[in-house]
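Working notes, structure below.
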Number of protein chains: 2
Amino acid sequence: METRELRYFIAVAEELHFGRAAERLGMAQPPLSRAIQQLERRLGVTLLERTSRAVTLTEAGAVLLREGRAALDAVDAADRRTRRAAVAGAPALVLVTKAGATGELLPKLLDAYAAEPEAVAVDVILCGPGEQERLLRDGRADVALLHLPFDSATGFDTEDLRTEGQVAVLPAGHPLTARPHLRMSDVTTLPGLPMPRWPRLDGTYPDGPGPQVRDQTQLLQLIALGRAAAIMPESARPHRGEDVAAVPVLDAPPVTTVIAWPPHSRSRALAGLVRAATRL
Amino acid sequence: METRELRYFIAVAEELHFGRAAERLGMAQPPLSRAIQQLERRLGVTLLERTSRAVTLTEAGAVLLREGRAALDAVDAADRRTRRAAVAGAPALVLVTKAGATGELLPKLLDAYAAEPEAVAVDVILCGPGEQERLLRDGRADVALLHLPFDSATGFDTEDLRTEGQVAVLPAGHPLTARPHLRMSDVTTLPGLPMPRWPRLDGTYPDGPGPQVRDQTQLLQLIALGRAAAIMPESARPHRGEDVAAVPVLDAPPVTTVIAWPPHSRSRALAGLVRAATRL
DNA sequence: CAGAGACGATACCCGTCCGGTATCGCCGCC
DNA sequence: GGCGGCGATACCGGACGGGTATCGTCTCTG
């Protein structure tokens with residue numbers, strides 16, 4: 001099976017329409033039809049059920065869509081990491097983490113690693129929630145800082161770095177800020193202070209009462225304005241009070257920050273960074 | 001990057017010899033040379049350093065060898081799992097585990113799962129130590145029973161099933177068998193009873209004094225003959241005494257049996273099997 | 001020191017296969 | 001019943017993969 005065939009099939013399986021898939025691939029429809037037929041013939045498997053009105057996935061097609069995406073990610077990762085490895089003076093490691101979520105842990109880690117004799121240049125990518133896994137999987141990043149249980153570390157090697165409780169972040173002066181600590185139920189049901197809605201991976205937002213937010217800054221501003229409340233790890237709490245206050249939430253699930261990397265990529269540089277992280 | 005190019009490069013990178021690699025690939029040497037040049041040109045990266053006497057990997061080449069193997073495994077997995085998904089009546093799940101190492105856990109699991117209403121056929125593969133990961137990675141198997149810390153579950157999702165201590169297995173009548181329990185140091189230094197040597201993944205054996213063994217049966221026979229001793233999980237201990245005796249080893253690392261599967265393959269059947277396993 | 005041998009690169013040729021255009025067959029819908 | 005949308009088929013040209021023959025270079029040897 002060639003990656004070209006995989007790319008073709010995935011386009012068709014996602015569009016469920018040969019014409020649109022061909023357009024997306026920048027080619028004409030007939031060779032695409034033929035390529036899919038050939039793929040089916042070589043596999044000995046029917047991947048798509050076609051009528052002149054609709055195209056649907058067979059069960060085997062659904063399997064190939066799932067597995068094929070993972071395989072293409074792996075091929076892309078090989079491509080990207082190889083290219084990066086060849087550029088002299090380029091960052092030898094790319095670290096990805098959620099924007100504004102690691103507090104002082106990230107600078108500490110970078111400093112500690114940079115102090116090592118064999119340290120190499122480390123690039124940092126800050127991205128939105130949930131994107132880290134994809135970057136790690138398709139080779140745009142080599143290592144990530146993740147927050148369990150929010151992020152999923154499935155398929156990666158990890159080392160635990162820190163476990164912490166969560167705090168409720170509320171507008172300064174809100175009655176609850178006088179309390180020494182809170183419970184989840186105190187915070188999730190506040191009238192007039194709904195929890196914000198974060199975008200899904202595809203950019204759409206779930207339904208609900210809360211305001212839509214894209215990043216930490218927006219969130220803090222909304223809280224300061226008295227339009228929202230949020231629960232976040234202690235270390236993500238803003239330190240200089242910008243009209244917001246933080247109160248520990250006793251029964252919020254603890255958050256573990258882990259350093260994660262693809263299990264097969266045990267380069268010297270990566271090993272050094274992981275070592276530096278675990279010594280923090 | 002096409003899988004054909006990856007296969008070619010990996011062959012050359014492993015052989016470090018274009019002629020032998022071409023032979024292994026069943027093709028002539030010149031087109032192979034050209035394909036590698038083209039791959040290097042497209043990547044914009046030198047992968048191999050050639051003289052007329054030797055071929056060596058560049059750093060980027062080493063990266064592509066590692067990453068490319070993983071990528072090819074992922075493509076092969078997509079191929080195999082798609083083929084299997086299409087065959088009606090074929091086993092919908094393939095479980096792999098080390099031959100003779102799971103004791104009664106495996107039949108219990110299969111029975112428990114088979115009793116479920118939506119159970120599908122499960123094939124079982126028994127293989128040598130260390131091979132499970134590869135089968136899981138390249139799609140010949142869907143789920144595995146692994147023994148931490150002996151096997152590595154990196155890159156897979158897992159659920160813990162059981163943790164147990166280890167026992168020393170000794171020839172019946174050996175003085176140590178009278179003791180109620182032992183320490184590692186008691187067993188590893190026994191004069192005339194060396195620990196056996198297991199084959200590596202490539203089939204070669206490490207150097208050392210112990211006899212070479214390939215499976216559990218050989219091992220037990222050698223122990224019964226008074227030629228070896230071994231340390232193994234309690235559940236792997238032979239139950240009908242075949243001239244061997246087992247004594248708990250207090251300070252041996254505990255062994256955890258886990259059920260493991262590729263993180264992206266969350267099929268209904270697999271989920272059912274994992275559920276049955278965790279309920280045991 | 002010259003010649004043989006090993007090895008990767010180059011030159012050149014042929015067949016296959018990929019991709020394009022034109023068109024067909026089928027089906028739902030005004 | 002004709003029109004339009006959609007996937008399949010037919011056919012063609014060009015690119016590319018793979019084969020054989022040969023070269024350039026380096027090393028070892030008689």
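Convention: sequence-line order gives letters A, B, ...; per-chain numbering from 1.
Here dG24(D) presents its P atom at 19 Å from CZ of R53(B), a figure rounded to the nearest Å. Atom-to-atom, CZ of R41(A) to P of dC18(C) comes out at 10 Å; the value is rounded to the nearest Å. As rounded to whole Å, 14 Å separates atom P of dG18(D) from atom CD of Q29(B). One interatomic measurement links the two molecules: CG of L32(A) to P of dA8(D), which rounds to 9 Å at whole-angstrom precision. The CG-P distance, from L48(B) to dC7(C), rounds to 16 Å in whole Å. Between L39(B) atom CG and dC16(D) atom P there is a gap of 15 Å when expressed in whole angstrom units. Atom C1' of nucleotide dC16(D) and atom OH of Y8(B) are separated by 12 Å, given to the nearest angstrom. Whole-Å rounding puts the I36(B) CD1 to dT10(C) C1' distance at 17 Å.
For M27(B) and R20(A), each mapped to the nucleotide of DNA chain D holding its nearest heavy atom, the one lying further toward the 5' end belongs to R20(A).
A donor atom on one side chain and an acceptor atom on the other are found under 3.5 Å apart for S33(B) and Q29(B).
Each of L39(B), L48(B), L65(B) was evaluated against V12(B); a single residue qualifies, L48(B), per the side-chain contact (heavy atoms from CB on, under 4.5 Å) test.
For the pair E5(B) and R42(B), the salt-bridge criterion is met [side-chain N within less than 4.0 Å of a carboxylate O].
Between dA9(C) and S33(B), a contact under 4.0 Å exists linking OP1 or OP2 to a side-chain N or O. Side-chain N/O atoms of R34(B) include none lying less than 4.0 angstrom from OP1 or OP2 on dG19(D). The side chain of R50(A) places an N or O atom within less than 4.0 Å of a non-bridging phosphate oxygen (OP1 or OP2) of dA8(D). Dashed line: the shortest gap from a side-chain N or O of Q38(A) to OP1 or OP2 of dC18(C) is under 4.0 Å.
No donor-acceptor contact under 3.5 Å links the side chain of Q37(A) to the base of dA8(D).
Of the candidate nucleotides dG20(C), dT9(D), dG28(C), dT9(D) has the atom lying nearest to any side-chain atom of P30(A). Side-chain proximity of P31(B) to dA8(D), dT27(D), dG18(D): nearest is dG18(D). Taking only side-chain atoms of R4(A), from C-beta outward, the nucleotide of dG18(D), dC18(C), dG20(C) with the closest atom is dC18(C).
Within the 4.5 Å cutoff, no side-chain heavy atoms of E49(A) are placed close to those of V55(A).
Once rounded to the nearest 0.5 Å, the distance linking CG of D76(A) with CZ of R134(A) reads 8.0 Å.
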